Amino acid sequence: MSKLLDTIRDRRSDRHFANKPLEADTVEALLDAFRWAPSSNNRQPWRVLIASSPEAQRIFDDALSVGNKQWAPPGALKMVIIGVPEEQPERNGLQNFMLDVGMAMENMMVQGYAMGLTIHAMAGFDYDKICKGFNIPANAKPVAVMAAGYRGRVEDLAEEVRAKDLKVRTRKAIGEFTYRDNYGAAFK
Ligand SMILES: Cc1cc2nc3c(=O)[nH]c(=O)nc-3n(C[C@H](O)[C@H](O)[C@H](O)COP(=O)(O)O)c2cc1C
């Protein structure tokens, strides 16, 4: 198997982070992976807001869902991933900017894993708190927040959170989502 497929398959959304900040060039590499994602017509309808100052980090932490607050790491890089819908027209009634932003997020997550980091995307956040706290204008939509950092010790997590990180990762089998010739028809 190719090394890339191994990396894609092994990448995981861990919750145990070390309390050690990422170096500037590591952050740059993550952002570089993010920006090289494909997007429809190469419109790149994304922004990344890094919560850096103590006040920005407080806003970020406060906006997390109750579940995410249980593990959100103090030393990690905290990012708000934002899409700008007007920069990517809807197609077939679908919000295509979401597709582009999602691809860029995955690029970053795979790159981070390949560098030995752990990166966790979160949809569990308070939208209004994030918009208000970071002065995000109405035409820009925070679609996810992310934490990136060095891997810590799973033993240091609270018990219920630890169980999530120790759970075996699974995926649907290829035949469960791949069809041939007709929707619902078996692939093989
Ligand atoms: C867009 C997005 C939002 C997510 N939101 C959360 C979240 O709010 N809290 C959380 O613990 N995990 C969140 N996750 C992580 C998923 O639960 C995780 O990707 C999934 O269980 C598969 O596990 P894996 O990433 O380790 O393969 C999110 C992942 C994505 C891609």
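Both counts, for ligands and for their atoms, begin at 1 and track the order of listing. Note that the structure is predicted; figures quoted are calculated from it, not measured.
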Residue and atom name of the nearest protein heavy atom (relative to atom 5 (N) of ligand 1), distance in Å to one decimal: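 Heavy-atom neighbour on the protein nearest atom 5 (N) of ligand 1: Ala123 N, 2.8 Å.
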Residue, atom name and distance, where the atom is the protein heavy atom closest to atom 29 (C) of ligand 1: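 The closest one turns out to be Ala121 O, 3.8 Å.
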Ligand 1 N/O within reach of Met105 N/O, cut-off under 3.5 Å: no
Proximity to ligand 1 by part of Ser13, non-hydrogen separation under 4.0 Å: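 Both parts.
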Structural part of Asn68 in contact with ligand 1, heavy atom criterion under 4.0 angstrom: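 The answer is the side chain.
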For ligand 1, which atoms sit closer than 4.0 Å to a heavy atom of [X]?
X      : answer
Gly124 : 8 (O)
Arg169 : 24 (P), 26 (O), 27 (O)
Arg11  : 24 (P), 25 (O), 27 (O)

Are any non-hydrogen side-chain atoms of [X] and [Y] less than 4.5 angstrom apart?
X      : Y     : answer
Glu160 : Trp71 : no
Thr118 : Arg15 : no
Ser40  : Arg91 : yes

Atom 17 (O) of ligand 1 touched by protein (heavy atom, under 4.0 Å): no
Atom 21 (O) of ligand 1 touched by protein (heavy atom, under 4.0 Å):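 Flag for atom 21 (O) of ligand 1 set to false, no protein heavy atom closer than 4.0 Å.
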Candidate with minimal heavy-atom separation from atom 23 (O) of ligand 1, of Lys164, Arg12, Arg171: Arg171
Closest candidate by heavy atom, reference atom 15 (C) of ligand 1, pool His120, Glu106, Arg9, Met109: His120
More than 12 heavy atoms from other groups under 6.0 Å of [atom1] on [X]:
X      : atom1 : answer
Lys69  : NZ    : yes
Leu166 : CG    : yes
Gln70  : CD    : yes

Under the side-chain hydrogen bond (donor to acceptor under 3.5 Å, both in side chains) test, residues paired with Asp126 that sit two or more places apart: none
Ring-face cation contact, Phe177 with Lys172, 6.0 Å cut, 45° max: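 No, a cation-pi geometry is absent between Lys172 and Phe177.
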For Gln57 against Ser52, the heavy-atom pair lying closest together: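 Closest pair (atom of Gln57, atom of Ser52, distance): NE2-O, 3.1 Å.
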Contact check, Arg15 vs ligand 1, heavy-atom distance below 4.0 Å: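 Yes; Arg15 lies near enough to ligand 1 that a heavy-atom distance drops under 4.0 Å.
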